[in-house]
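Worksheet for the structure shown next.
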Protein chains: 2
Amino acid sequence: MNAYNPQDKVLLAVDCIIFGFDNEDLKVLFVKRDFEPEKGNWSLIGGFLKKEETLNDAANRILHNLTGVNDIYMEQFYTWSNIDRDPVERTISTSYYAIINIQEYNEKLTEHHNAKWFSLTEAPHLIFDHNEMLAKATRRLRRRTSISPIGFGLLPEKFTMRQLQKLYESILDKKLDKRNFVNKIKSMDILIKLNEKDMTSSTKGSYLYIFDQEKYDAKQTNDFYLKL
Amino acid sequence: MNAYNPQDKVLLAVDCIIFGFDNEDLKVLFVKRDFEPEKGNWSLIGGFLKKEETLNDAANRILHNLTGVNDIYMEQFYTWSNIDRDPVERTISTSYYAIINIQEYNEKLTEHHNAKWFSLTEAPHLIFDHNEMLAKATRRLRRRTSISPIGFGLLPEKFTMRQLQKLYESILDKKLDKRNFVNKIKSMDILIKLNEKDMTSSTKGSYLYIFDQEKYDAKQTNDFYLKL
DNA sequence: ACAAAAGTGTTAGAACTACACCCATGC
DNA sequence: GCATGGGTGTAGTTCTAACACTTTTGT
């Protein structure tokens, strides 16, 4: 009964939900699938697990091949196993979500692979159970950003308070009060205010900040806990 | 490159962390493994995914075979894929944690299978990466009990405030103030106080409560959020 | 009468929410 | 000079945390 039975072997896939932020909206990256079945339809970025790699390795490989990006925040969040989720063959899929700075991704590679950014609110119909994956990833991202500062990974290195607020607004999908937001962020004391302004968004210009990783680490606590 | 390649098929296992509560301590159920490798060593309850079932089905089947229990709270939380995690053969394992009322589990079945409850704090060395699984499951359980009332699944139907407090104390691994705890629970308004006392724990006796599922559902909100 | 656990409220401090005006600059 | 987005503080309310004594009853 408890036996290593080769009959029960299955194919394992990895699918990645890639979140980006363009100062307006939370975005997600999809590709036009280039093989059957469902060739030509929108899909998450995915691929099969190879014999000699871990799921994390596979997720990084797949993401790297598509975008050229390395060393970004990635988290595994669920494994999907409905019998008929893939009509060709029994395939189990483990999904990851990743957070990338949209300015850094390699535009050529994504275009070459028929990839396209969509607003989260305008996601198209996706193949298989990928819409479900997206929904779960979004919920997880929401919860995660409340307890960990991973959100900063979506921003350029230097950013304004306004960008940060828009980012949180688009992740949480609600409007926040400007003053309360700034007060709360400042009270956390994990940002460094630069003597430098971003002049692109207004005539007055707005101060740029950078995330202070050292200060954050020094707090060595998991209670970032940004309740918004 | 993106191909259905039979070479890459792997075995998929399911391992379950089963939490119970005996009015003193949070407990976890382990079994003595009865096949090679590592035969005779402590292990999580687990088994292999069969061709025609989902991971959820497999987890329920495995748990049912061992304990006779059905329809309990179970949640998938991570899939483990280190190349050498199982020395015999490449095996990926998806882990679940389950929450059961320790009084209801079928004692004969567990004894027959060499299963044994351990205090969470006294867990033995487990095979493969099972100690890691346990640690992750414990963290997940902690977070989950803060935002959802699944903890009640660990208690008998009727329970005292003191039992409930001890349960939360052992899940969160910290002492709580009796008065603050009662006030907070009462303010949630999801318990029904019975006109019945439990006389086993003191001469005075303490009131019994039951969880009011209807009231909880009626609040139809996810903000249970018990900050302790 | 005493031991053992149950039950019960108040208060000070912290955190959260709501809210409105002036500033700097490019046009 | 005016339109645009940037920046800032306070007061009322709610939530949290700390804290000690009385009740009941079996022995």
Side-chain angles (χ1 to χ4, degrees), chain A residues 22-25 145-147 155-156 158-170 172-210 219 221-228, chain B residues 22-25 145-147 155-156 158-170 172-210 219 221-228:
Chain A
D22 68 352
N23 296 337
E24 275 307 319
D25 252 342
T145 48
S146 308
I147 54 171
L155 293 173
K158 302 175 182 180
F159 51 87
T160 66
M161 274 292 169
R162 206 40 45 98
Q163 284 177 290
L164 186 60
Q165 181 177 345
K166 271 197 182 152
L167 169 62
Y168 273 95
E169 287 180 338
S170 58
L172 301 173
D173 194 27
K174 67 174 171 187
K175 284 263 168 263
L176 301 172
D177 179 87
K178 190 165 52 158
R179 280 163 297 186
N180 291 343
F181 182 78
V182 170
N183 289 340
K184 193 164 268 171
I185 296 291
K186 285 194 172 159
S187 76
M188 286 176 183
D189 191 29
I190 50 168
L191 294 187
I192 297 169
K193 185 179 191 170
L194 303 177
N195 268 330
E196 213 181 317
K197 284 187 162 190
D198 171 272
M199 303 303 296
T200 61
S201 62
S202 76
T203 57
K204 184 178 177 180
S206 53
Y207 283 105
L208 287 164
Y209 294 79
I210 56 175
K219 292 186 198 292
T221 142
N222 281 339
D223 50 3
F224 173 86
Y225 196 58
L226 182 62
K227 178 154 182 278
L228 296 170
Chain B
D22 68 352
N23 295 339
E24 276 307 320
D25 253 341
T145 47
S146 307
I147 53 170
L155 293 172
K158 300 175 182 180
F159 52 87
T160 67
M161 275 291 170
R162 207 38 46 99
Q163 286 176 288
L164 186 61
Q165 184 178 343
K166 273 198 181 149
L167 170 63
Y168 273 95
E169 286 180 338
S170 58
L172 301 174
D173 193 27
K174 66 175 172 188
K175 286 264 167 264
L176 301 172
D177 178 88
K178 190 164 55 156
R179 280 164 293 186
N180 290 344
F181 182 78
V182 170
N183 287 341
K184 195 164 267 173
I185 296 292
K186 284 195 172 156
S187 76
M188 285 177 185
D189 191 29
I190 51 169
L191 294 187
I192 297 168
K193 184 179 192 168
L194 303 178
N195 268 331
E196 211 181 318
K197 284 188 164 190
D198 171 89
M199 303 305 294
T200 61
S201 61
S202 76
T203 57
K204 186 178 176 180
S206 54
Y207 283 103
L208 288 164
Y209 293 79
I210 55 175
K219 293 185 196 292
T221 139
N222 280 339
D223 52 3
F224 173 85
Y225 195 58
L226 181 61
K227 178 155 183 273
L228 298 169

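These figures come from a predicted structure and were not determined experimentally. All chains are named by letter (A, B, ...) in the order of the sequence lines, taking the proteins before the strands, and each is independently numbered beginning at 1.
Taking 3.5 Å as the limit, the base of dC16(C) and the side chain of Asn180(A) contain no donor-acceptor pair of atoms between them. You'll find a donor-acceptor pair under 3.5 Å spanning the side chain of Lys204(B) and the base of dT23(D), going by distance alone.
In this structure, Tyr209(B) and Met161(B) have side chains that are in contact, with non-hydrogen atoms separated by less than 4.5 Å. Side-chain contact between Leu164(A) and Leu191(A): present, with at least one pair of heavy atoms (C-beta onward) separated by less than 4.5 Å. Counting heavy atoms from C-beta outward, Glu169(A) and Gln165(A) have side chains that approach closer than 4.5 Å.
dG7(D) atom P lies 12 Å from atom CG of Leu164(A), rounded to whole Å. We find that NZ of Lys197(B) is positioned 10 Å from P of dA6(C), with the value rounded to whole Å. The CG-C1' distance, from Asp177(B) to dA12(C), rounds to 15 Å in whole Å. Between the CG atom of Leu191(A) and the P atom of dG7(D) there is a distance of 13 Å, rounded to whole Å. The separation between Asn183(A) atom CG and dA14(C) atom C1' is 15 Å, rounded to whole Å. A straight line from CD of Gln163(A) to P of dG5(D) spans 15 Å, rounded to a whole angstrom. Rounded to an integer number of Å, the gap from CD1 of Ile185(B) to P of dG7(C) is 14 Å. Rounded to whole Å, the distance from CE on Met161(A) to P on dT8(D) is 9 Å.
Among the protein residues, Lys166(A) comes within range of no part of the nucleic acid, since none of its heavy atoms lies under 4.0 Å from any strand. Within 4.0 Å of Lys186(B), counting heavy atoms only, lie sugar-phosphate atoms of the nucleic acid but no base atom.
Of all non-hydrogen atoms in Ile210(B) and Lys158(B), the two that sit nearest each other are CG2-CG, 3.8 Å. Of all non-hydrogen atoms in Phe181(A) and Leu176(A), the two that sit nearest each other are CD1-CD1, 3.9 Å.
Distances shown here put a side-chain N or O of Arg162(B) below 4.0 Å from the OP1 or OP2 atom of dA6(C). Of the side-chain N and O atoms in Lys178(A), none sit less than 4.0 angstrom from OP1 or OP2 of dC19(C).
Among the nucleotides dA18(C), dC19(D), dA17(D), the one closest to the side chain of Arg179(B) is dC19(D). The side chain of Thr203(A) sits closest to dG26(C) out of dG26(C), dT25(D), dA6(C).
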